[in-house]
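A quick write-up on the structure given underneath.
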Amino acid sequence: MVIRKNPIYTATRYIVLMMFVMLAFLNNASLIAQHTLPSGGDALTSVINQNFQNRSHLFEKPLTVDDATFARRVAIDLTGMPLSTDQLRKFMADSLPDKRTKLVDQLLASPQSTRHLATWLSLTLLERRPAKIANDDIWMAYLMDIIRHDKPLTDITRDLLTATGEEGPKQVAARFLMDRDAEPNLMTRDIGRIFLGRDMQCNQCHDHPLVDGYLQSDYQSLLAFMQPTSVATVKNGNKQLTLLSEKSGGRVLFDSVFVKDDSLLTGPSLPCEKSASVSRFQPGDEYLRRQSESSTSLPRQSRRALLAESILASPVFAKNWANRIWAFAFGRGLVHPLDFSHPENPPVDAKLLEDLAESFKSNGYRIRPVLKAIILSNAYQSPFDLNDSLAPAAKSGDIAEMKSELDRLTIESEKLEEAFNKAKTDWHKAQAATVPVQKNRDALQAKLDEHGGKRDAAILRLEAISARLGQILTQIPTLNEAKIAAEKTVATIPGDKALEAALKTFTDRIAEFVAEQNLLIEDQGKKAVERRTAEEQLAAVRFQAKAVENDLAPLIAEVSRLELPFLSARSAMDSKISEISSLKNEIYWQETRNGLIENRSKLNNLNFQIAQLEPISTSTRSELEQAKVSITNLQKASDSQKDALNVILLAYENQVKETEKSRLAESAMKRSLVEFLAAAKLLDGSADLAEIQVQLQAKSDQLQAQFNQKKVALDELTTKQNATKVQLEVSLSQLKMQTEAVKALAEKSDRVQAELAELLKQEAQVESSLNTLTETLIRLASERFEMATLKPLGPESFAWSIMKTTGVYDNYWKAEEAALDKAQPTTDAQKADQAWQMDRSYAIEMAVYNKLKGYPNHFVTLYGSGAGQPQSEFFATADQALYVANGGAVASWCMPSSGNTADGILKAKSQQEAADALYMGVLGRKPDSDEIQTVSDLMAKATDKTRATMARDLVWGLLTSPEYRFNH
Amino acid sequence: MKRNCDYACQSAEHRLARRQFMGALATGTIAGGLGVFTGAKAAEALKSQQKRVVVFNMHGGLSQLETWDPKPGTETGGPFRSIETSVPGIRISELMPETAKVMHHLCLVRGVNTSEDDHGKGTYMMLTGRRQTPAADYPQIGSVMAKALNDVQNPLPGHILITPGGGGGRGNESAYLGPKFSSLAVGGGKPPQNTERPQNITESEDQLRQDVRRKAAEKFLNRRRTAITDAYTFSYEQALRLMSQRDSFDLTKEPARDQERYGNSDLGRQCLLARRLLEKGATFIQVTHSNYDTHNENFNFHLEQVNEFDRPYATFINDLAERGMLESTLVVVLSEFGRTPNINLYYGRDHWSRAWTVAMAGCGVTRGHAYGKTNDKGTEVTDGQVDHANLFHTYLSAVGLDSTESFDIDGRDMPMADPASKPIKPILT
C-alpha cells in the first residue's frame, strides 16, 4: 500500500511530501522513458496495446516494469522457474533495444517452457485426476510432443473428444474421458468447463438459480452428445481391453426439479447455438458395428465426433482457449473464473478477447504466437506497485451519464427478457409436444436394438458356423484318404497294434467331425431361423418406427422452427445484459478511481493545512509557556514584595511603639527634670543636687537623643513602607495584565489545538478510506490488467523455482549434460546444427525432469488441490510451511554449494556484494540500502563456523517470503 | 435478470475472512509471531463461544438392534436384553451398560431411513448430507465444520481424523472447499509430520531465518496485501505454533489415571486423544471405529466391538460434561447404515438403511431424549422419520450455523447443506 500512516507531524511535513511527489514524478518520468515498449512490432501485441489504449486508465501513461522484474516475471511464467543469477545479470547488462523480445523467444523455444506448458495443459485437462489409462509419464510425453511442435489445439481437441482407447496414435488422448470413467454427466460438466468455459453443474437439474445465462436445456443438450458413450470391456485374444464404446442416438428427456410435469426433450447442441445436424438413418440401420464380446459398438454417426466438430466450429472454441492462454500468462482470464462465462460476468474487454481469438485462429490455433504477443504487451509488463501518476479523475457528469445510460439499458433489457421468456415458452411447448411421440420412438428403438442385436449375433454365429463347416469339409476327405490307406495297411499287416490304433483314431476323428458337422448344420438351421425371425421382427418394428418417425418429423420441424427465434431472443437479451454488466463494472471502477483521487487530494489538502497550522500551534504553545513562566516570576516578585511590606509594616508598628515608649520616657524625664529643677531651686546649692541634676540632665539628653533616633528610624520606615507599597502596586497590576494575556493565549492555543485535532481526525478518516480504496483499486486494476496480478507460484512452479534458486536444477543439468557428452560425444557438425542442439537440450531436460520430478510431485501433494477440483484456488496450510521448514530437502538445498546463491554470498568480497548475491539470487532484484544494512549486520556477526549456515538461513528466509511466492 | 449478484471478492464471506486476518494482524498476533493474545479477555470470549464437533464413525454398519434401539424378545431381537438407562423410559442394549449411565446427556434419533445399502454410497451420504450424484462432489462434515467454525488463528488443523495408527497425510474430503479443510490424520501417539526442527538447524538459526522471512514479508505486505498473501505469511507462523504445541498429540502427557479410565484399547486412546485435542482447541474431530460389517456372527462381533466402544465413549461424554465442554461440543455417533432386523443363516445381520439410529449429544440438541420410533420388529420407521440430509442440517444448526446458508466459492454459491432438506427441529434446543 502506498498510502500508509505517516508518523511525521512536523512543519517539515509538507516539504517532505512535496519532495516525495516530485521524486516520484521524476522516477516515473525516467521509467516511462526507459521502459515504454516501442509499439508496432508484433501485430497482435499492438492490437492488445491498442485495446488497452481505448479504455479508461489507471495511470497517466502506460507503465512497464524494469528489466529485472520483467526477466523474473517472464521466466517464471514461461518456464515455471526464474533465471539463474548469471542469466539475469547478463540480461540486465545487455543494452540491445529488443532484448526483451529476444529473451521471450529464447524462453519460448526452451524445453523448460515446453515442460511448463505441458504441465499447464495437463492441469487444464485432467485437474490431477489419477490415471485410469496411460500413466503420467506417457501422458506427459504426449503433451510435451504437442507443445514442443506447437500442434494446433483443434487437432488435440478432436483427439481428446473422439479417442476410443484403441491402439493408435491417439490412444493416449482417451485418458481425457477414461479418467472420468466416461460418466456422461461428469464428461458433460467438464467439457462444458474446459472447452466452453461454462460450469453448468447446477443446470443438471434446473435452470441456474443465480446465473440467468445458464439453462437446464444447455446442460441437457450438451449431455445429449455424451450420453451414448460408456466404458466397455472387450476381449482381444487373451487380453481384456477397456475402451470407449458408443451407442447410437442421443436425445435427452429431462424434467426440472423446480417445475412439475414439464418434461422436455433435447437433441445435441452447444449452449446458445443451433442444434447440431443429426443424420437420420433407416430405423435399425444406425450402427456400423454393434457391441459384441470382442468389439465395442460404433454408430454410423458418432455423437462424440459430432460434438468435436460442433465445438471446433463454434466461436466459443477460440475465445475459450484465447482466454485460457491469457490466463496462463496473467494468472487470471479476461473472463474470470475461466469456466464461468455468462452475460453477467462479461470479459474485462470483449473486443480484446475477440481479437485474441481471431489471432489464435489465424495462427492455426497454435499457442506460442498468441502467447508471445501477450507477453510482449504493455499489459503483461504492467507495474506491481500503485504510484502517484494517476490519470485525471473522470468528470462527475460523465459518471452521471453512464448511470442514466445504465437505467436506459436496464429498461431495454427488461423488454428483451420478456421477449426471451415468450420465445422460450413457445420453444419448450413445441419440445414438450414431441415428448410422448419420442418416448414411443425410444421404446421402438429399444426393440430395434434388441432384434438388431439378435440378428447380428445370429449372423456372427452363422459366419462362424460356415467357417467351421468349411474347415471340416476340407479336413474330412483328407482324413478319409488316410483312413482308407490305414485300412489297406491293416489288411496287409493284420494284428499290428500301432496301425490298428492309428486306424481307430482316424475313424473316431471322422465320426467326431461328422457329428460336429451335423450339429453345426442343425445350429445353422436354427440360427437361420433366428436370423429370419429377427429380420422379420426388425422389419415389423422398423415399419412401426418409420410411421412414428413420420409423426415425429413435423413436430421436430416445429421445434427447429421455433429454435431460431428463441436463440435470437436469447442472444439479444444476453448481449444487453453483458453490456449492462460491463457498464456497471466500469462505473464501479471509475467511482473507485475517482474516490481514490479525491481522497488523495483531500489528504494532501489536510496535510497542507496541518503543516501550516502545526508551527502556529507550536509557537502559540511556546508563547503560552513563556507567558506562564513570566506570570510565575511576577507572582513570585509580588509575593516577596508583599512579604517585605509585611516585614516593614511589622517593624514600623514596633518602631511606632518604641518611639512612643521613648517619647513617653523622654517627656517623663523632662518633666522630672523640670520638677527637679524647680525643687532644686528650692533647695539651691546642694552639691548633691547639682550632681543629680547633671545626671538627670544627661539622662534626659540621652532619652532625647534616643527619641530623636527613633523618630528618624520611624521616618525611614515610613519612607520604605511607602516605596514598597508603590512597588507592590506596580507588580500587582503587572500580574493582572499578564494573567489576562495568558488567558488570551491559552484560549488561542486551545483553539489551535482543537483545530489541529480536528484536522488530524479528518486525516485519519481520509487515510482509512484511502486505504480501503487503494486496496479495492489495486484489485480492480489488476483485474483489468493495468497492474500486475498477484499470482502465486503453483505447486510445480514452486518446486522447480526453489530448485533453480538453490542451484539444484542447474547442477543436475550440468551432470546430465556431461553424462550425455560422454555417452554420445558431439561432432563439430552437430554443434553447428541448431535442430540437433535443440534435440539434445530436450534430451537433457527430460533426463533432469525424470531425476527430479519426485520433488514437484511431493509439492503437489502439499500445495495442490484435490483430484478433479479446480486447481487455481490458493490455499496455505501449516503442513506446507512445516515441510519447507523442517522437511529436510528445502533447508539443505539452501546450504552453500558450488555456484548457488548461498555460495555467492560466501564468496562475496564485500557485505554489499553479499547482499547483492542474496537478493539477485533469490528475488531477482537489487537490494535496497535497508536490506544491504540488514545483511551486512548479520554477516558481520557470523563466525567462520557459522557463515555457511548464516548464508543458508538468509536464502531460506527470502525463499519463504511472500515476495518469492507472489511477485513475478 | 438477477441484479446485485456479488462476485468473489466482494462477497460477505470473503470480507469476513479478510477482516479476521486483518484484525489478527492489527493486534500483532500474526505478523510479529509473538504468539500471544494481546486481548486475553477477547480470546477467552472467543473460546467460550467456539463450537466444536466430534463424530464417531462406526465403519461397516453398526447394528441399531445391539445398541440404541434393541427389540428383545422378538424374532428379530437377537440374544441380548435391553437395560434401563439414566433416563426412565429409554432402554438400550445391555451391551452398553456405561453408556446407559450417561443417557441423560444423549439424544437418540431412532427414525433414520437413508434407503442406501451400499457401504461407499452410504458413507458418502452420511458424511456429506447428500446423495452422490455424477459430476458433483460435496465436502464432508469435517471440512464444512472446519470452514465454518474454525478460527483462522487456531494453530491446530481445523479437521482432524483420529485413527488407531495415525500419521497419515492430508485427506481428500473437502471437495470444492479446498485442501485447507481436508483432514489431517493423527493417532498412535505420533505428532503431525515435520513438527520437529531438524538437528542441523539450531534454535537460534531457526529464529534468525524466521526473522529474515518476517522482515521480508513485512516489506512486501506494505506493497501489496490481500487475503492470500496474509494466509501464506500466516501459515509459517501457524507452523511454528503447531511445533510448540506438539505435545497436544502426546497422550503420555495425560494423567495415568485417565489413561486407565479410558482403557487400554485403540478406541480408548483415540477417545482420550480426542478429549486432549478438544481441550487444546481443536474444532472438528472424527474418530473411526472398525469394523461392524457383521454378515457372519453378528452377535459375537457386536459383543466384542460394542463392549470396546461403551466405556471410552461414556467416559468421554462424562468428561466433557464435567468439564463444561459438552455445552459447546456436539458429539455424533453415526455409521453408513444399520443392520437387518432379519438374522441370516450365519447368525449375521446384513445391510439395513430403512430403520436405524444415530446418536447425538451436547451442543444444541435436546438431552435425555429419544426422537422417532421403529415398529416392534424394527423393520420400519413408524414415527419421526429422517434421512442423511435432515441429520446434516441438524448438525449444522446444533452448532449455531444457519444450514440454509451458502459458501461463496470463487463467486459461486455452494449451499452448506442440501437446499431441498431441513433440520430436525424437535431435537434442537
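Numbered from 1 within each chain, the chains take letters A, B, ... in sequence-line order. Values reported hereafter were calculated over all heavy atoms of this structure, with side chains retained and with hydrogens, waters and symmetry mates removed.
Residue A:Asp930 touches chain B through its side chain alone, counting heavy-atom pairs closer than 4.5 Å. Residue contact with chain A, scored on non-hydrogen atoms closer than 4.5 Å, is absent for B:Leu240. Residue contact with chain B, scored on non-hydrogen atoms closer than 4.5 Å, is absent for A:Pro343. Neither the backbone nor the side chain of A:Tyr964 comes within contact range of chain B; no heavy atoms are under 4.5 Å apart. Both the backbone and the side chain of B:Ile228 have a heavy atom closer than 4.5 Å to some heavy atom of chain A. For chain B, the nearby part of A:Phe874 is the side chain; its heavy atoms alone come within less than 4.5 Å. Looking at B:Ala420, neither its backbone nor its side chain comes within 4.5 Å of chain A, counting heavy atoms on both sides. With a threshold of 4.5 angstrom between heavy atoms, B:Glu218 does not approach chain A through any atom at all. Both the backbone and the side chain of A:Glu963 have a heavy atom closer than 4.5 Å to some heavy atom of chain B. Proximity to chain B is limited to the side chain of A:Leu938, based on heavy atoms less than 4.5 angstrom apart. If you measure heavy-atom distances from A:Asn421 to chain B, you find no contacts under 4.5 Å at all.
For the options A:Asp953, A:Leu958, A:Asn886, A:Leu186, heavy-atom pairs under 4.5 Å to chain B are most numerous at A:Asn886. Interface summary for chain A: among B:Ser182, B:Ala175, B:Gly178, the most heavy-atom pairs under 4.5 angstrom belong to B:Ala175. By number of non-hydrogen pairs under 4.5 angstrom with chain B, the leading residue of A:Met950, A:Arg180, A:Glu183, A:Met187 is A:Glu183. Note on B:Lys180, B:Arg197, B:Arg209, B:Lys215: by heavy-atom pairs under 4.5 Å with chain A, the leading option is B:Arg209. Of the residues considered (A:Pro184, A:Gly866, A:Gly213, A:Pro337), A:Pro337 shows the highest number of contacts with chain B, using heavy-atom pairs under 4.5 Å. Chosen from A:Glu931, A:Gln880, A:Met787, the residue pairing most often with chain B at heavy-atom distances under 4.5 Å is A:Glu931. Counting heavy-atom pairs closer than 4.5 Å to chain A, the top-ranked of the candidates B:Asn194, B:Asp137, B:Val212 is B:Asn194. Interface remark: of the candidates A:Ser782, A:Ser892, A:Ala867, A:Ala788, A:Ala788 forms the most heavy-atom pairs closer than 4.5 Å to chain B. Counting heavy-atom pairs closer than 4.5 Å to chain B, the top residue among A:Leu882, A:Leu954, A:Leu790, A:Asn185 is A:Leu882.
Other residues, nucleotides and ligands contribute more than 12 heavy atoms inside 6.0 Å of the NZ atom of B:Lys219.
The two atoms that bring B:Tyr236 and B:Arg213 nearest to each other are CB-CZ, 3.3 Å, heavy atoms only. Closest heavy-atom contact between B:Leu156 and B:Leu277: CD1-O, 4.0 Å.
Classified by interplanar angle (parallel below 30°, tilted 30° to 60°, perpendicular above 60°), the ring pair A:Phe859/A:Tyr863 is parallel.
Checked against side chain to side chain donor-acceptor pair (under 3.5 Å), A:Arg128 has the following partners two or more places apart in sequence or in another chain: A:Glu796, A:Gln871.
At least one side-chain heavy atom of A:Arg193 sits under 4.5 Å from a side-chain heavy atom of A:Glu127. B:Val144 places a side-chain heavy atom less than 4.5 Å from the side chain of B:Phe407. No side-chain heavy atom of A:Arg952 sits less than 4.5 Å from a side-chain heavy atom of A:Val955.
The pair B:Arg241-B:Glu237 does not meet the salt-bridge criterion, since no charged nitrogen lies less than 4.0 angstrom from a carboxylate oxygen. Salt bridge B:Glu196/B:Arg246: present, at least one basic N to carboxylate O contact under 4.0 Å.
For B:Phe220 and B:Tyr232, the ring centers sit 6.0 Å or farther from each other.
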(message) I'd like to know whether A:Glu783 forms a side-chain contact (heavy atoms from CB on, under 4.5 Å) with A:Arg332, so could you lay out the CA-CA distance, the side-chain angles of the two residues, the decisive distance to 0.1 Å, and finally the verdict.
(response) CA-CA 8 Å; A:Glu783 284 171 12; A:Arg332 90 178 262 127; 3.4 Å; yes
